[in-house]
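Here the structure is laid out as structure tokens; the discussion comes afterwards.
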Amino acid sequence: MLEIKNLHVAVGGKEILKGLTLSIGEGEVHAIMGPNGSGKSTLSYVLAGREGYEITQGSISYRGGDLATMKTEDRAAKGVFLAMQYPVEIPGVTTLTFLKTALNAQRRARGDSELDAMSVLKLVRQRATALQVTEEMLKRALNVGFSGGEKKRLEILQMSLFEPKLAILDETDSGLDIDALKLVAEGVNALRAPERAMLVITHYQRLLNYIVPDRVHVLAGGRIVAEGGKELAHELEAKGYAHIVKEPA
Amino acid sequence: MSAAADTKEQVAALGEKYKYGFVTDIEMERAPKGLSEETVRYISAKKGEPEWMLDWRLGAFRRWNEMTEPNWARVHYPKIDYQNAYYYAAPKAPEKKLSLNEVDPKLLETYAKLGIPLSEQKMLAGVAVDAVFDSVSVATTFKAKLNEAGVIFCPISEAIRDYPDMVRKYLGTVVPVSDNFFATLNSAVFSDGTFVYVPKGVRCPMELSTYFRINASNTGQFERTLIIADEGSYVSYLEGCTAPMRDENQLHAAVVELVALEGAEIKYSTVQNWYPGDENGKGGIYNFVTKRGDCRGARSKISWTQVETGSAITWKYPSCILRGDDTVGEFYSIAIANHYQQADTGTKMIHLGKNTRSRIISKGISAGKAQNTYRGLVSVHPKAVNARNYTQCDSLLIGGKCGAHTVPYIESRNPSARIEHEATTSKIAEDQLFYCLQRGISQDEAVSLIVNGFCREVLQQLPMEFAVEAQKLVGISLEGSVG
Amino acid sequence: MNAALPSRDARRAEALESFRERGMPHRRFEHWRYSDLRAILDAGQVAQSGTAAWHLEKAPEGVETFDLGKPDAPDWVMRNLGTIGARPTMKEASLAFADGGIALRVPRGRKIAEPARLQISSTGNVRVLLVLEEETSLTLLETHTGDAGLLRNVGVEIALASQAKLSHVRFAASALKSISVEHIGVTQARGAQYRAHFANFGSRLSRTELHILLQEEDAEAHLSGVNVLGDEGHADLTSHIEHVAGNTRSTQLFKKVAGGHSRAVYQGKITVREGANGSDSRQTAKALLLGGRAEADLKPELIIFADDVKCAHGAAVGDLDPESLFYLRSRGVPEAEARHMLVRAFLEDAVAEIENEELRAAIWQDVEHALPHAMRAAR
């Protein structure tokens with residue numbers, strides 16, 4: 001489903017990813033771990049198509065197509081979802097309005113009929129309960145004045161609504177206490193499906209206790225420096241990054 | 001058909017770019033070109049006006065001859081040749097029809113195309129419409145129903161004939177004949193407009209609306225609106241405006257006067273979408289408008305809401321004179337300027353009475369090479385004990401070639417008054433756009449969404465029937481402005 | 001001596017012609033809306049008022065001075081005189097009619113700890129020129145005293161080279177019989193800092209106008225000021241800060257207390273020129289009206305031609321907060337004392353902008369002196 005080959009990415013002229021290769025198959029959950037500044041967020045932004053992230057070398061193939069040439073919103077319509085580390089506040093736009101606009105934009109792009117306000121509301125309510133996203137939150141302006149936990153729950157609610165093929169979770173655990181973390185992880189686990197791949201980006205192993213990955217990759221200095229099963233995460237936790245990062249060199 | 005469904009249809013009909021740029025091919029009758037006493041007499045005679053009205057107009061014309069065009073606003077345009085325009089143009093037809101069935105089908109078609117169906121079956125439920133085409137009113141709907149409630153809603157030319165005492169009592173009392181250059185010009189040559197009277201204690205049973213259309217080329221439009229809300233009454237009124245796409249600039253100089261007597265409330269909303277000119281700044285309407293409301297009686301309230309997206313130049317300051325004690329004035333404004341548009345708009349809140357309160361919420365959006373200025377005055381006079389004002393002015397810039405300006409005047413002469421003013425200037429943040437795009441929303445739709453969010457407080461003030469249309473308009477006005 | 005520079009006489013002649021042509025400012029001039037000078041003064045009186053007396057209390061060590069009334073002005077004077085900032089009509093008059101004035105220069109690299117104390121004590125026209133070269137610093141205390149005669153008209157020019165830092169404190173005692181007009185033009189190169197505080201206790205008409213050009217990156221201007229006005233006092237502070245280059249910063253904080261029949265005016269205009277991205281500007285002006293006949297006029301203006309900017313302004317006019325007053329009284333503070341305490345609190349943050357502790361204390365003393373007049377009930 002996702003084939004990244006020898007990816008080099010520069011931001012503002014500075015190379016951040018330096019030959020990253022990664023392959024994810026349908027239904028798989030991969031974790032990317034790495035120290036600060038290793039290029040984790042850059043990887044998530046380049047997959048989602050943020051401006052200013054320039055691919056200088058290498059390729060990204062997504063479900064047989066070239067992801068790099070696609071517009072940001074087309075990637076979203078084709079099933080790429082990025083749950084952001086810092087979800088953005090948009091004053092004056094109610095959360096429900098935003099959800100409806102995005103959902104219908106994606107449906108339109110896929111050639112599906114748009115849903116009316118009532119149907120969207122019904123759908124949102126149905127998915128919101130498990131994530132404890134309240135009616136009151138839906139009426140508030142998007143992410144404005146939301147707590148860290150509320151923002152992350154809303155990201156997962158969107159993931160549930162948009163039913164992506166490739167979900168990238170960028171530091172979804174940051175800023176969450178243990179109860180909030182469990183709630184979010186349960187939400188994510190409920191969305192694991194044979195046709196859906198997930199890329200879980202995290203600094204700490206903690207999240208991987210709840211979202212158990214099929215594969216773990218260690219990113220350092222813009223490259224994958226180690227790979228393994230879920231046990232690799234525990235090893236990292238026990239020995240620290242320095243240990244693993246040095247080894248292959 | 002429900003109002004909501006109709007509105008939806010209207011919205012669907014709003015296409016890309018400027019949808020109202022077409023011209024109706026209809027036989028016209030015009031005054032001779034240019035402006036002279038003869039022109040004024042011609043217009044008055046066409047309307048079959050009484051002597052006093054002609055005298056009033058001639059007085060205004062003489063004053064106007066001695067006045068000079070104001071130049072303090074932050075707008076620039078070539079000198080207007082007032083002799084090289086027509087001051088009266090009307091579809092050629094016998095006297096105005098009482099029945100809609102007799103209105104020229106071409107006109108009905110025009111308004112249908114504008115999304116303002118005038119035929120009885122298709123009318124927006126709960127909204128009565130007066131349609132002004134160039135210089136005359138061509139149709140007024142729901143008259144009978146309004147009559148039952150005692151509400152007068154008719155073309156002002158008709159009111160001058162049928163209710164002369166009322167017109168004489170109020171006309172020019174809020175905006176005096178010599179108020180300013182454009183208002184004085186209007187007083188001399190106004191050709192039609194709307195008159196509304198809501199009797200004591202009556203809550204007007206439906207939204208009233210006037211739809212202004214400039215069609216003829218090289219013709220100025222000078223409408224005059226007078227709304228009187230008698231003691232304890234309530235009325236909500238909305239005006240919409242469009243014009244064809246033409247390379248020349250056309251002048252629109254309207255005057256609106258509102259009088260709210262004791263305990264009355266007037267809510268006046270505008271969706272101004274005159275042709276703004278093309279993306280190179282060619283053509284478009286010069287919109288020089290004087291709008292003022294007088295809260296004459298105690299506990300009265302006047303609320304202005306405006307969505308200004310059209311016109312090459314907007315020069316407009318809907319104001320409130322808070323004369324009565326405990327009166328309330330409000331001004332909610334969205335002004336969008338794109339390409340080469342220039343907008344200089346705001347309000348004046350004149351606190352004269354005790355315990356008067358005013359609120360100003362202004363949202364200005366500049367894009368392309370446009371210039372957008374908020375200009376507002378809050379003035380508290382010595383007797384306005386406990387006056388209160390709150391003003392919030394926010395500007396949003398899209399691109400580095402446009403301008404956003406804020407010029408508030410705060411003048412207080414009463415120590416018990418409290419005035420608070422806040423202003424911010426910002427741009428659409430890159431991370432907001434990216435967030436929307438990542439969730440599958442297109443660039444234009446994202447800009448529309450974010451700007452609508454920025455304007456929300458104002459959009460909420462519009463009557464339900466028009467809020468959706470206005471939101472769509474906000475998006476359309478800014479299409480292609482980012483990227 | 002640079003032969004290409006016009007002579008002082010030529011400059012004065014040009015200024016005279018410019019003043020004659022434009023005439024006296026009045027309330028129909030947009031920026032003189034609240035200070036109708038022409039109504040109380042005519043052009044002939046400006047010319048007749050001659051040259052004002054000034055006194056520089058011993059120039060601090062390291063500062064070069066020049067008396068503008070003397071011949072053979074040095075190059076650093078000729079390069080700058082009459083060239084800095086806008087040239088509104090009254091400033092032209094100060095150049096045309098002043099036969100003297102003071103020029104100060106801080107040579108490159110000198111940091112002067114001792115404040116330069118400039119006193120202007122009589123009526124008439126006068127010019128002041130300050131040239132701070134690269135990497136210098138100076139504190140200027142400008143004091144206005146005396147209330148005899150009709151008009152004092154001061155034209156100040158300040159050139160700040162890169163990394164120059166000037167702290168300017170201007171103190172104007174109450175002078176209810178005379179008219180005071182001052183224009184201060186400032187140009188700032190890269191990293192230059194201008195901090196200025198204006199304490200003004202009112203004149204028959206007092207107009208202090210600033211035009212500041214932030215010409216290169218990282219230039220900063222920080223203005224603050226207080227008015228305590230009573231009786232028929234008037235004080236108008238009008239500023240125009242232009243962010244010519246990007247990444248420049250400006251802040252303004254003005255607090256005005258007006259009692260009696262007085263009038264406090266603030267007009268602050270910020271311009272961000274096209275391309276001046278990264279400009280950051282804050283502006284706050286608040287007025288407290290204490291008398292039934294006092295008036296406050298505030299006009300904070302933003303003129304923005306660049307999109308990547310942070311600009312905000314706030315303005316407020318009101319009375320003392322009744323709840324705070326009640327709170328203090330409920331704790332046993334007598335009303336007069338409570339009011340006094342709250343007025344001081346209102347002024348506090350603006351006075352705190354003065355960095356020099358000694359000058360700060362001096363301003364508080366003057367505030368204390370002026371407060372009884374402002375707080376006295378209007379007749």
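No hydrogens, no waters, no symmetry mates; every other heavy atom, side chains included, goes into these values.
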Worksheet, complete the sentence: So CZ of C/Arg293 and CG of B/Asn414: to nearest 0.5 Å the spacing works out to 10.5 Å
Worksheet item: Counting heavy atoms not belonging to C/Glu323, are there more than 12 under 6.0 Å from its CD?
Response: no
Worksheet entry | Nearest non-hydrogen partners of B/Arg418 and C/Gly318, listed with the distance | CG-CA, 4.2 Å
Fill in: Derivation of the side-chain contact (heavy atoms from CB on, under 4.5 Å) call for B/Ile410 and C/Asp297
CA-CA 5 Å; B/Ile410 299 159; C/Asp297 303 302; over 6 Å; no
Discussion item. Under 4.5 Å from any heavy atom of chain B, what part of C/Tyr34 do you find: side chain, backbone, both or neither?
Written reply: side chain
Worksheet item: Can you find a heavy atom in the side chain of C/Ile303 that is under 4.5 Å from one in the side chain of B/Arg74?
Response: yes
Response to the item:
Residue from C/Ala287, C/Ala316, C/Ala294, C/Pro300 scoring the most non-hydrogen pairs under 4.5 Å with chain B is C/Pro300
Worksheet entry | side-chain contact (heavy atoms from CB on, under 4.5 Å) partner of B/Lys427, chosen from C/Val309, C/Asp308, C/Asn277 | C/Asp308
Worksheet entry | Atom pair CD1/NZ of B/Ile419 and C/Lys286 - distance to nearest 0.5 Å | 13.5 Å
Worksheet item: Any donor and acceptor pair, going by atom type alone, linking the side chain of B/His405 with main-chain N or O of C/Ile304 inside 3.5 Å?
Response: yes
Worksheet entry | Residue part contacting chain C, namely of B/Ala417, when any heavy atom lies under 4.5 Å | backbone
Worksheet item: Got more than 12 heavy atoms from elsewhere within 6.0 Å of CZ, C/Phe326?
Response: no
Practice prompt. Answer yes or no: does atom CZ of C/Arg282 have more than 12 heavy-atom neighbours from other residues, nucleotides or ligands under 6.0 Å?
Written response: yes
Worksheet entry | Shortest non-hydrogen contact between C/Leu289 and B/Pro415, atoms and distance | O-CB, 3.4 Å
Worksheet item: So does B/Arg375 have more than 12 non-hydrogen atoms from other groups sitting under 6.0 Å from CZ?
Response: yes
Worksheet item: Are more than 12 heavy atoms from other residues, nucleotides or ligands located less than 6.0 Å from atom NE2 of C/His369?
Response: no
Worksheet item: Is B/Glu411 paired with C/Arg33 through a side-chain N to carboxylate O contact shorter than 4.0 Å?
Response: yes
Worksheet item: Hey, mind stepping through B/Gln371 and C/Phe305 against side-chain contact (heavy atoms from CB on, under 4.5 Å) and telling me if it holds?
Response: CA-CA 9 Å; B/Gln371 299 298 326; C/Phe305 294 101; 3.3 Å; yes
Fill in: Rounded distance [0.5 Å steps], OH in B/Tyr409 versus CD in C/Glu301
6.5 Å
Worksheet item: Got a second to check how far B/Cys402's SG is from C/Asp307's CG, nearest 0.5 Å?
Response: 6.5 Å
Worksheet entry | chain C interface, residue from B/Cys393, B/Gly399, B/Ser379 that has the most non-hydrogen pairs under 4.5 Å | B/Gly399
Fill in: Segment of C/Leu288 engaging chain B (4.5 angstrom heavy-atom cut-off)
neither
Practice prompt. Select, from C/Ala306, C/Ala296, C/Gly314, the one with the greatest count of heavy-atom pairs under 4.5 Å involving chain B.
Written response: C/Ala296
Worksheet entry | Chi angles and distances behind the side-chain contact (heavy atoms from CB on, under 4.5 Å) call for B/Thr425, C/Leu302 | CA-CA 9 Å; B/Thr425 301; C/Leu302 291 172; 3.7 Å; yes
Worksheet item: So with a 6.0 Å cut-off around CZ of C/Arg344, is the heavy-atom count from everything else above 12?
Response: yes
Item to complete: For the residue pair C/His313 and B/Pro408, establish whether any side-chain heavy-atom pair is separated by less than 4.5 Å.
Response: yes
Discussion item. Using 0.5 Å steps for rounding, measure from the NZ atom of C/Lys269 to the OG1 atom of B/Thr406.
Written reply: 12.5 Å
